[in-house]
Asks: 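Sending over a structure as structure tokens; questions will come in a sec.
In what follows, chains carry the letters A, B, and so on, assigned in the order in which the sequence lines appear, proteins first and then strands, with residues in each chain numbered from 1.
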Amino acid sequence: MNADSSLKPTFSPDISAVKPDSKQRIRCNLALRRADFELSVDFELPDCGIHILFGRSGCGKTTLLRSIAGLESDALGDVWVGDTCWQSIVDSCRANEGGVIGSENEERAQKRNFLPVHQRSLGYVFQEASLFPHLTVQQQLLFGYERIDESRRRIHPGEMIQLLNLALLLDQPTTALSGGQRQRVAIATALLTSPDLLLMDEPLAALDSSSKAEILPYLSALKGRFKLPIIYVTHSLEEAIQLGDSLLLMEAGKLIAQGSMADVLQQQNLPGIPHDLLPNLIELARGSGENLARIIGTDQFLYLGSRATARQHPDDGAALLRARVDAADILLSVNPLQSVSCPNQLQGYIEAIVPEALSGSAESVVSEVSRVVVTLASASPAEDKTRLTIRINEAQTREKQLKAGQQVWLLINRFKLI
Amino acid sequence: MPESAPFSATSLFSALTMDDLSALWLTLQLALISTLLLLILAAPLAWWLASTQSRYRVVIEALVTLPMVLPPTVMGFYLLILLGPEGWIGGVLEQSGVGHLAFTFTGMVIASMVFSLPFVVQPMQNAFAAASGRVLELAATLRSAPLDRFRHVVLPLSKRGILTAGVLSFAHTLGEFGMILMIGGNIPGRTQVASIAIYDHVESMNYAAAHSLSLLLILISLVLLTLVFALNRRSGLLSAGYSL
């Protein structure tokens with residue numbers, strides 16, 4: 001019953017899915033009113049990892065990101081990053097918490113507690129790879145770096161130039177770069193201000209697919225290299241799955257779901273998330289050179305086979321990997337199977353069986369497909385549990401007499417390291 | 001006095017009097033000083049016009065453009081009244097012992113600045129508008145404070161617009177006539193500029209002197225403009241492909 005409720009879409013901001021033991025370092029409660037649009041969000045994020053701000057075009061993702069940065073001066077509310085208040089509504093107005101923000105009085109009060117953009121320790125990567133047209137790449141990179149206090153410089157030009165492979169571009173004017181190069185320079189420039197929070201607004205959206213492929217590995221590398229919270233706006237599920245640790249789902253200016261990537265992907269009826277594939281994410285830990293990877297939250301292993309060497313990266317070391325398994329690529333067995341060709345057989349327990357919601361139809365229509373949520377058997381209670389969701393026909397469910405608590409084996413027929 | 005063949009180098013200079021040379025020198029001084037002052041003073045105005053959402057913007061824009069459409073004599077007349085011993089400004093200056101500004105170099109500089117204002121503000125405003133928006137947001141996210149942004153982003157990106165404004169103002173002052181005549185009073189050696197000296201020569205049928213001075217003005221203008229276009233071309237290469 002409990003598990004059942006966790007699968008229902010959360011239509012109010014819900015932060016329960018974020019690990020309760022992680023420090024909540026970014027707090028954001030913002031409201032903004034425009035003629036045809038209203039933004040109203042309230043969320044907290046841990047101070048590391050990539051948090052995907054996801055939603056359909058026009059849902060307010062960019063506006064929210066700009067508001068956090070202070071680029072929308074009419075956005076009212078509180079923004080805290082670590083111990084620093086970027087903007088807040090003064091105490092006298094907080095009595096009205098939860099009510100309407102934005103009355104004239106509050107607006108005046110707000111003005112007193114608004115850190116201008118240039119005083120916020122943030123990096124911002126714009127969608128169209130904005131660079132200064134009058135500078136060379138080197139001057140561009142140093143623009144922000146030179147403007148922060150020496151004691152605050154944690155990220156230095158040398159390592160950024162190496163990480164993003166910019167050495168050959170340094171003397172070129174920024175106007176001479178290709179789209180992918182521009183975005184790499186823009187990312188490096190933003191990071192060289194050693195920000196407390198990196199905001200990225202669809203950094204790949206304006207690029208062609210080959211430039212995208214050029215940038216994505218760099219973004220993954222950033223995540224491993226710097227302990228830096230990143231809010232990453234995108235409407236591409238592929239990018240979200242590849243990069244995201246957690247996901248904030250927006251719709252019409254509101255936050256309608258928040259949680260770890262894996263959890264949100266399995267919630268039903270969320271707009272903008274296609275459910276036909278029902279992707280599962282498995283977090284893996286691998287010692288270097290092995291082609292086995294332990295599934296986080298379990299003592300079970302996934303055999304990587306030839307994929308292991310393909311993903312060998314000098315920087316990875318004992319790397320954390322992520323695998324994507326679509327529901328259709330998992331088979332469920334009530335017995336362990338000895339004589340099958342599948343090397344990946346994972347043991348677990350059925351946590352819940354939920355009828356699949358039929359989008360757009362009346363409640364009375366009975367769904368013919370069930371979602372079976374399986375928790376992988378675990379010997380590491382300290383880590384988060386890994387759950388996999390698969391689709392099974394109602395008839396099959398009845399025939400096999402599947403029920404919650406039952407021990408099952410999952411055959412992973414196909415997966416993709418991302 | 002030979003009325004023909006004023007085109008050899010010797011006759012070019014022989015026809016010029018000391019007054020002509022000082023008129024020419026005064027013209028260049030006037031053009032340079034008023035242009036430099038105007039560039040400095042018009043920059044904040046142009047920036048405000050380029051960035052403001054104020055509803056008064058259109059009114060200010062109309063006021064700034066006014067000297068472009070009014071007859072110079074109208075502007076000169078009111079400036080003479082304003083700066084003269086009985087005027088609001090001239091009167092106050094007179095009483096405080098500084099002296100009024102009619103028929104003075106300072107008065108002429110002020111007149112030139114008023115006259116050239118639209119020619120400076122408009123190219124600067126356009127340049128500033130083009131150099132704002134996303135680049136300024138980018139600079140702000142890179143810890144650049146407002147004045148720093150203006151100096152290190154807006155000004156470098158507006159180089160061509162500012163150069164254009166300076167040239168227009170300088171050239172415009174070289175050719176100024178009616179307004180300078182009203183406020184300066186055509187005192188040879190003190191407030192007589194080249195364009196008025198040419199007019200005097202023509203009035204007195206001294207065509208050789210008129211030729212000489214005119215050709216010198218043409219020459220100076222041509223050299224200046226060529227220099228500017230050459231400079232502009234080089235910076236044009238740098239800012240080619242500027243799109244944000």
Asks: Please state whether the side chain, the backbone, both or neither of A:Q139 comes within less than 4.5 Å of a heavy atom of chain B.
Replies: neither
Asks: Does any backbone or side-chain atom of A:T174 lie under 4.5 Å from a heavy atom of chain B? Answer side chain, backbone, both or neither.
Replies: neither
Asks: Counting only heavy atoms from other residues, nucleotides and ligands, does the tally under 6.0 Å from CZ of B:R190 exceed 12?
Replies: no
Asks: Considering only heavy atoms from C-beta outward, does the side chain of B:D148 approach that of A:H118 to under 4.5 Å?
Replies: no
Asks: Return the OG1 to CZ distance between A:T193 and B:R143, rounded to the nearest 0.5 Å.
Replies: 4.0 Å
Asks: So with a 6.0 Å cut-off around CH2 of B:W48, is the heavy-atom count from everything else above 12?
Replies: yes
Asks: Flag yes if more than 12 heavy atoms outside A:R153 fall under 6.0 Å of its CZ atom; otherwise flag no.
Replies: yes
Asks: Tell me, side chain or backbone of A:A186 under 4.5 Å from chain B's heavy atoms, or both, or neither?
Replies: neither
Asks: Anything under 3.5 Å between a donor and an acceptor, one on a side chain of residues 158-173 of chain A, the other on a protein residue two or more places apart or in another chain? List them.
Replies:
unit_1: A:E159; atom_1: OE2; unit_2: A:H156; atom_2: N; d: 3.3

Asks: Counting C-beta onward and ignoring hydrogens, is there a side-chain heavy-atom pair between B:L138 and A:F143 closer than 4.5 Å?
Replies: no
Asks: Supply the atom-to-atom distance A:L141 CG to B:L142 CG, rounded to the nearest 0.5 angstrom.
Replies: 10.5 Å
Asks: I'd like to know if B:E137 and A:R66 make a salt bridge, using a cut-off of under 4.0 Å between side-chain N and carboxylate O.
Replies: yes
Asks: Are more than 12 heavy atoms, taken from residues, nucleotides or ligands other than A:D149, located less than 6.0 Å from that residue's CG atom?
Replies: yes
Asks: Using 0.5 Å steps for rounding, measure from the CG atom of A:L71 to the OG1 atom of B:T141.
Replies: 7.0 Å
Asks: Is there a side-chain contact between A:P133 and B:V135, using heavy atoms and a 4.5 Å cut-off?
Replies: yes
Asks: Determine whether more than 12 heavy atoms belonging to other residues, nucleotides or ligands lie under 6.0 Å from atom CZ of B:F105.
Replies: yes
Asks: Looking at A:Y218, I want to see if its OH is surrounded by more than 12 non-hydrogen atoms of other residues, nucleotides or ligands under 6.0 Å.
Replies: yes
Asks: In a table with atom names and distances, give each donor-acceptor pair under 3.5 Å that connects a side chain of residues 121-130 of chain B to protein atoms at least two apart or in another chain.
Replies:
unit_1: B:Q125; atom_1: NE2; unit_2: B:E61; atom_2: OE2; d: 2.8
unit_1: B:N126; atom_1: ND2; unit_2: B:Q122; atom_2: O; d: 3.4

Asks: Count the heavy atoms belonging to other residues, nucleotides or ligands that lie under 6.0 Å from CZ of A:R34, then report whether that count exceeds 12.
Replies: yes
Asks: Please identify, among A:A69, A:S121, A:G70, A:P116, the residue contributing the most non-hydrogen atom pairs under 4.5 Å to chain B.
Replies: A:S121
Asks: Identify which part of A:L122 has an atom lying under 4.5 Å from any heavy atom of chain B, answering side chain, backbone, both or neither.
Replies: both
Asks: Please answer whether the main-chain N or O of B:H152 pairs with a side-chain N or O of A:H134 as donor and acceptor at a distance below 3.5 Å.
Replies: yes
